[in-house]
Each structure stands twice: as structure tokens, then as C-alpha cells.
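Worksheet for the structure shown next.
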Amino acid sequence: MVASGYPLSPGEARKVERRHRLSRSRDFDNVYRHGRSTSTRFFTLHAFPREDANSEPRLGLAIPRSVGSAVKRNRLKRMLREVWPLNDRKAGFDYVLAARPGLVEAAESHDFDWLGERVDEVMEKAGS
RNA sequence: GUCGCAGGCCGGGUGACCGCGAGCCGCUUCGGCGGUUCGAGGAAAGUCCGGACACCGUAGGGCAGAACGCUGGAGAAAUUCCAGGCGGCGAAAGCCGACGGAAAGUGGCACAGAAAGGACACCGCCUCCGGGUAACCGGCGGUAAGGGUGAAAAGGUGGGGUAAGAGCUCACCAGCACCGUGGUGACGCGGUGGCUAGCCAAACCCCGUUCGGUGCAAGGCGAAGCAGGUCCCGCUCAGGCGGCCCGCCGAGGGACCGGGUGCGCCGCUCGAGCCGCCGGGCAACCGGCGGCCUAGAUGGAUGGUCACCCUCGACAGAAUCCGGCUUACAGGCCUGCUACGGGA
RNA sequence: GCCCCCAUCGACUAGCGGCCCAGGUCACAGCCCUUUCAAGGCUGCAGCGCGGGUUCGAAUCCCGCUGGGGGCA
């Protein structure tokens with residue numbers, strides 16, 4: 001794992017494309033029901049191993065209304081999608097990353113890299 | 001120039017790299033790849049009104065219910081807009097107003113006060129009668145000017161008048177009715193008359209106008225999948241048509257347990273559309289001509305990094321669409337007007 | 001997204017436009033009672049979500065915000 005924000009060479013997949021997202025309510029239910037959860041001050045991460053251990057990891061974002069207005073929630077999702085693939089993610093897992101209240105206010109007073117560090121924090125704690 | 005008022009507009013900009021959604025074109029091993037063009041708001045918000053559109057066994061009648069309420073106009077309609085009237089606020093520009101009816105009925109007006117609506121007079125005032133030396137006391141009456149209470153007290157102010165008083169009489173003002181006159185009208189102005197009729201309808205209500213329900217999770221097409229069971233009511237009026245009645249439909253309806261699906265496409269953006277010019281109208285708006293196509297996502301598209309500039313950037317993110325209303329909003333620009341001050 | 005409902009002390013609730021600077025229960029604080037605690041008695045603490053309007057007068061009626069809760073595939 002690399003601490004810098006730019007570890008990837010051009011051409012390598014560095015974004016959360018649509019096929020790398022959770023898109024169905026059923027997928028979310030699976031992760032919640034059968035996955036394991038880990039919490040930090042700003043996030044709750046649910047992880048669930050898929051049947052095919054070599055498939056690409058997928059991400060779902062859960063941003064409740066309690067974190068802020070629609071503008072704040074949208075912006076948070078964009079930034080999280082941006083920051084997510086900057087680090088290696090374990091293949092064969094579905095993740096649901098849920099934001100907790102206070103995250104938006106904290107992110108506004110820090111910079112973009114700070115948000116990445118918070119995501120790394122919860123991933124490490126989950127033992128990925 | 002300063003202060004204020006009204007109306008309109010903008011809502012950081014430029015460039016580079018990496019990314020996101022849609023349309024079109026090309027390539028494709030059908031997984032995608034490349035190019036190109038577009039890609040959130042004035043409120044997209046609250047969901048407070050009104051429609052379009054879609055569906056519903058009957059969208060039928062009456063009652064009930066709800067909403068609205070000065071006049072004229074605009075508009076598809078509206079708790080909408082424009083102009084005008086009246087009332088209130090302001091020195092003015094201007095702003096605000098659910099602004100029909102209280103002599104159709106019902107009801108209310110706490111406390112205080114004599115009395116809260118056709119007054120029955122508490123303190124009082126006055127004539128007369130009786131008593132008393134007198135101060136004064138008692139009584140039959142006449143009054144409502146003054147005091148006091150209250151949010152509100154039976155037209156107000158002044159003169160005359162009277163025993164004291166009273167629209168009793170007179171003038172002015174307010175209010176009412178009628179006549180004339182101006183205006184499409186609300187209403188204004190003038191005259192005459194009689195001399196008074198409290199407030200509350202965002203209390204019930206009366207009058208007038210309008211209103212079927214549900215909402216794109218409407219609704220349509222396709223694909224996939226499953227498993228039924230128990231009980232109650234009914235075909236001898238159960239059930240449905242908003243609450244009731246009539247009337248109509250009508251053979252199945254309901255409760256609980258269990259099982260399945262929870263996918264793709266359409267609806268989905270060309271519309272009461274936007275821009276410009278001309279004409280009509282005080283205006284809202286309407287008409288004509290020319291031009292333009294301007295988000296359509298579906299776990300839900302606008303972000304990250306860097307550089308420079310400035311006044312260091314508010315409220316805030318489309319989800320069927322449109323017309324309004326309301327609410328939030330850093331800073332800035334333009335136009336017109338009022339008052340005051342200064343100059344020519 | 002669309003459509004509904006609610007709001008009164010810290011909590012649960014009463015409250016025909018004036019008898020209400022809003023009543024009750026639990027909780028909290030103090031005092032009495034008791035050897036002490038509990039129970040009981042007395043006293044206090046505190047509230048009409050916010051802003052306008054109607055009315056002489058609003059928790060109550062009307063309008064607009066704000067904050068909660070629910071339903072619809």
C-alpha cells in the first residue's frame with residue numbers, strides 16, 4: 001500500500017466504473033445481512049466475500065440523510081468514488097461504505113488526501 | 001452626493017491533465033474502444049394552489065362537505081397576474097389588506113360596570129309634594145349633560161333651548177336612504193330627506209362561483225419465477241361506486257399464515273417552449289414574422305489536481321412536464337422615482 | 001419522487017376564544033413524618049416549536065416556516 005496519492009500508472013483502472021458498483025437493493029441486503037462490519041469515527045464498512053474469489057471488488061455507498069443536504073451528500077459520494085481506487089482493494093469482495101454524521105463537516109475543514117486517509121483507516125481496521 | 005423606494009439582471013473567470021452521463025459518427029473479438037457535441041437552478045427546495053397527461057366497473061342525481069369572495073381585465077386554470085376603487089401605514093416615492101352579507105336567523109361579548117342591544121340608571125342633575133330653624137331627609141315624577149367601568153356605552157363638536165336635559169332645534173363633520181351626475185364597474189361628486197341602525201361571519205350561517213377520485217411508485221409492453229393452506233361472509237343484497245340516501249354495477253369478497261418477484265424497455269422530454277424584431281394595449285397579455293432545439297439520470301451523471309487573475313465566491317443538486325405562490329441567499333451591476341443638501 | 005399525519009414542563013398527557021401569567025401523574029430539589037429507607041404529606045422547579053394575521057382578547061381560529069413520524073414499487 002502506498003501513502004502517496006498518485007501510485008498508478010496511466011492506463012491502469014483507477015476509477016469506480018459502473019460495473020464496480022453495487023447497483024441493486026438485493027446486493028446491499030446481502031452485504032448487510034451476511035457480511036462483517038467495522039466502524040471508525042466517520043465510517044461503517046460492511047464487507048462480504050463473493051462466491052468467485054477472483055472477481056473484481058465492488059463498492060456501494062450509503063450516505064444517509066443525517067449527514068447533510070442533497071448537495072453535501074452528492075459531493076461526498078463523488079469524493080469517495082474518487083478516493084476509493086487509489087488504493088489496492090482485495091478481490092472477490094463486495095463493500096458497502098456508510099458515512100456517519102459529522103463526516104462532511106470534518107472533510108470541509110481538511111483536504112482531499114485527509115478523506116483518503118480516513119478510508120484507509122477503516123480498511124486497515126477491517127483487516128483487508 | 002446622501003438616505004430611501006420600486007423594477008430588472010448576474011450568481012466567480014481563463015487554461016492544462018485525469019475522470020462521469022447522454023446523443024451522433026466510426027471501429028469491434030459484441031466485453032467495449034476512439035472521435036465529436038451537449039450536460040442542474042433562480043429558487044432545481046417546501047409540496048401550498050392550479051393544470052396537462054395517465055388510469056379507474058357507473059366519471060350518475062340529491063344532500064352533506066371543501067375552497068374561494070371589492071370592481072374591470074388577462075389567462076388553460078389558480079390561495080395567479082395587471083389596472084382601478086376603498087381602507088390602513090409613511091413626509092414622499094411607495095408599501096400592505098381573506099376587502100360580499102350583521103335592518104334572514106342562531107350564538108357570543110370574560111373581568112369590571114347600573115346597563116353589552118331596543119337600558120330596567122350606581123354616583124348624580126331638576127320641577128313639584130311632605131318634614132325640618134337650617135344643613136338636609138323622604139316621596140311621585142322628568143332626565144342622560146357630567147363622574148365612574150370597559151376593547152367597546154346608543155352619532156361627534158359647538159351654538160340655541162330648558163326647571164334640568166335630550167337631534168328638541170340649528171351649523172359643520174361622520175353614517176343611512178333616495179334623486180341627479182361622471183364612470184363598463186367598484187365607487188366618486190352634488191343635492192334632498194328623516195334623525196341613528198354597536199362589535200364578532202379567519203363563530204355557526206346566508207348569498208354567489210367552483211370542485212369525481214387517484215397520482216409517472218400514474219400507466220403500458222416484454223421476460224423470469226412460485227404453492228398453496230386455514231377460517232369468516234355471500235350468490236335468499238356479500239361487496240364496489242369518497243360520508244349518507246336514491247340509483248347503478250354485481251359473483252365472488254375478506255382476514256391470517258406460507259411462497260415468488262423485487263429485472264429490461266416504453267412513458268421521458270418539442271413544450272400553454274425559448275430568443276429577437278414589429279404591431280395593439282396604461283399594463284398583465286395578445287397577434288404577426290424570423291430564428292433556435294436547450295439535461296433526461298435509474299444506488300441515480302458536473303468531481304479531483306495544478307497555474308494565474310479578481311471584488312476570494314451565498315443559498316443550494318433536475319427525477320413526468322408546465323403556470324404560479326412561499327421560503328433560503330455572500331457579493332455585485334443596471335434603470336426609474338421620492339426627500340434633503342450642493343453646483344451651473 | 002408522490003401522498004398523508006403530528007407538535008403543550010425532563011417524560012406521558014388534560015385543556016367549549018376570556019373562568020388558565022395553562023391542570024394532572026411520574027421524575028427532580030427542599031422540608032415534615034420515621035432510628036433509617038420506602039410509602040405518605042407540604043412546597044418549589046419548569047412548558048403552549050417559530051414568525052405573522054383575525055379579534056378588545058389566541059395554547060385554541062387562519063396563513064407561512066421549522067422539526068419529527070408514517071404510507072405507496
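A, B, ... follow the sequence lines: proteins, then strands. Residue 1 opens every chain. No experiment lies behind these values; they were computed from the predicted model shown.
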**Report entry** In B:G324, glycosidic geometry as syn within 90° of 0 or anti otherwise
**Finding:** anti

Query - Minimum-distance pair of heavy atoms, taken over all atoms of A:Pro57 and A:Tyr95 - result: CB-CE1, 4.3 Å

Report summary line: To the nearest angstrom, the CG-C1' distance between A:Leu61 and B:G303 comes to 14 Å

Query - Integer-rounded Å distance: B:A301 C1' and A:Lys77 NZ - result: 11 Å

Query - Ring-on-base stacking B:G299 with A:Phe28 (under 5.5 Å, under 30°) - result: yes

Under 3.5 Å, which N/O atoms of the protein pair with N/O atoms of nucleotides 314-321 of chain B?
| unit_1 | atom_1 | unit_2 | atom_2 | d |
| --- | --- | --- | --- | --- |
| B:G317 | O6 | A:Arg78 | NH1 | 3.3 |

Every protein N/O within reach of nucleotides 67-73 of chain C N/O, cut-off under 3.5 Å:
none

Report summary line: pair_partner(B:G239), Watson-Crick or wobble, both distances < 3.5 Å, evaluates to B:C249

Report task. For A:Arg21 and A:Leu61, indicate whether the former's side chain and the latter's backbone hold a donor-acceptor pair under 3.5 Å. Result -> no

Query raised in the report: Syn or anti: how is B:A40 classified when any glycosidic angle within 90° of 0 counts as syn?
Result: syn

Query - Residue mapping more 5' on RNA chain B - nearest nucleotide basis, A:Ala62 or A:Met79 - result: A:Ala62

Report task. Applying side-chain contact (heavy atoms from CB on, under 4.5 Å), name anything that partners A:His34, two or more places apart in sequence or on another chain. Result -> A:Asn30, A:Phe48

Query raised in the report: Between B:A301 atom C1' and A:Arg81 atom CZ, what is the distance in whole Å?
Result: 8 Å

Query raised in the report: To the nearest Å, how far apart are A:Glu82 CD and B:G303 P?
Result: 11 Å

Requested in this report: Syn or anti for B:U269, please, going by whether the chi angle lies within 90° of 0.
Outcome: syn

Requested in this report: Please list, chain by chain and in numerical order, all residues satisfying side-chain hydrogen bond (donor to acceptor under 3.5 Å, both in side chains) with A:Arg58, sequence neighbours excluded.
Outcome: A:Asp94

Report task. Find the distance A:Leu115:CG to B:U305:P and express it as a whole number of Å. Result -> 11 Å

**Report entry** Short side-chain N/O contact from A:Arg21 to OP1 or OP2 of B:G300, under 4.0 Å
**Finding:** yes

Report task. Report the residues that fulfil salt bridge (charged side-chain N to carboxylate O under 4.0 Å, His left out) with A:Arg118, sequence neighbours left out, ordered by chain and then residue number. Result -> A:Glu121

Query raised in the report: Does any pair with a residue in residues 37-46 of chain A pass salt bridge (Lys or Arg N to Asp or Glu O under 4.0 Å), and if so which ones, sequence neighbours excluded?
Result: none

Query raised in the report: Who pairs with A:Pro64 by side-chain contact (heavy atoms from CB on, under 4.5 Å), at least two apart in sequence or on another chain?
Result: A:Ser66, A:Val67

Requested in this report: Kindly write out the residues that satisfy side-chain hydrogen bond (donor to acceptor under 3.5 Å, both in side chains) with A:Ser37, not counting sequence neighbours, or none if the list is empty.
Outcome: none

Query - Any-strand Watson-Crick or G-U partner of B:A52, both distances under 3.5 Å - result: B:U320

Query raised in the report: Who does C:G67 pair with, Watson-Crick or G-U, both distances under 3.5 Å?
Result: C:C6

Query raised in the report: For the pair made of CG in A:Leu22 and C1' in B:G300, what is the distance, rounded to whole Å?
Result: 14 Å

Requested in this report: Determine the interplanar angle of the A:Phe28 and A:Tyr32 rings, folded into 0 to 90°, and report it as parallel if under 30°, tilted if 30 to 60°, perpendicular if over 60°.
Outcome: tilted

Report summary line: Separation of B:U261 atom C1' from A:Asp29 atom CG, nearest Å, is 14 Å

Query - Whole-Å gap separating C1' (B:A45) and CZ (A:Arg73) - result: 12 Å

Requested in this report: Write down the partner of B:G72 under the Watson-Crick or G-U wobble criteria, each distance required to be under 3.5 Å.
Outcome: B:C82

Report task. Check the chi torsion on B:U294 and let me know: syn if it falls within 90° of 0, anti if not. Result -> syn

Query raised in the report: Residues two or more places apart in sequence or in another chain: which of them pass side-chain hydrogen bond (donor to acceptor under 3.5 Å, both in side chains) with A:Thr38?
Result: none

**Report entry** B:C33: pairing nucleotide in any strand, Watson-Crick or G-U under 3.5 angstrom
**Finding:** B:G26

Query raised in the report: When you compare B:G13 with B:A272, how far apart are their C1' atoms, in angstrom units rounded to a whole number?
Result: 38 Å

Query raised in the report: Using purine N1 to pyrimidine N3 plus N6-O4 or O6-N4 for Watson-Crick, or N1-O2 and O6-N3 for G-U wobble, both under 3.5 Å, which nucleotide pairs with B:C178?
Result: B:G191

Query raised in the report: Would you call B:U209 syn or anti, using the 90° rule around 0?
Result: anti

Query raised in the report: With hydrophobic residues grouped by side-chain heavy-atom distances under 4.5 Å, do A:Val83 and A:Trp114 end up in a single group?
Result: yes

Query - Interatomic distance at C1', B:A164 relative to C:U54, whole Å - result: 46 Å

